Amino acid sequence: MRRVAAHDVIEGSTQIHLGAVEIEGDKAERYYHFTQELPRTEWLGGTIEIINGQAFHEGKLLTE
């Protein structure tokens with residue numbers, strides 16, 4: 001499992017400011033608002049967009 005975080009996480013009409021996404025393989029399994037630093041979390045900044053169950057950052061597919 002890979003956990004990444006960004007200023008914004010967007011899926012459709014849902015937008016989370018300061019969100020984290022958990023990725024397994026090439027699928028975004030969970031995403032949520034976080035209020036404290038979580039261990040083993042990569043800060044990417046900017047925006048992560050979830051499209052069809054996959055997470056993208058700056059147009060690049062995020063994988064485990």
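From a predicted model like this one, the values you see are computed outputs, not experimental measurements. Side-chain atoms are counted along with the backbone in the values below, which use heavy atoms only and exclude waters and symmetry mates.
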Any chance you could measure Tyr31, atom OH, to Ile23, atom CD1, to the nearest 0.5 Å? 13.5 Å

List the atom of Trp43, the atom of Ala5, and the distance in Å for their closest heavy-atom pair. CE3-CB, 3.6 Å

Do the side chain of His7 and the main chain of Gly46 share a donor and acceptor less than 3.5 angstrom apart? yes

Please name the pair of heavy atoms, one in Thr63 and one in Arg2, separated by the smallest distance, quoted to 0.1 Å. O-NH1, 2.7 Å

Under the salt bridge (Lys or Arg N to Asp or Glu O under 4.0 Å) test, residues paired with Glu29 that sit two or more places apart: none

Hydrophobic cluster identity match, Ile48 and Ile16, side-chain contacts under 4.5 Å: yes

Student check: side-chain heavy atoms of Ile50 and Val21 closer than 4.5 Å: yes

Considering only residues two or more places apart or on different chains, which pairs with a residue in residues 47-58 satisfy side chain to side chain donor-acceptor pair (under 3.5 Å)? Asp26-Gln54

Cluster membership besides Met1, Ile/Leu/Val/Met/Phe/Trp/Tyr side chains within less than 4.5 angstrom, sorted by chain and number, is none

Hey, what do you get for CD (Glu22) to CD (Glu64), rounding to the nearest 0.5 Å? 11.0 Å

Leu38 CG to Arg3 CZ distance, which is reported to the nearest 0.5 Å: 5.0 Å

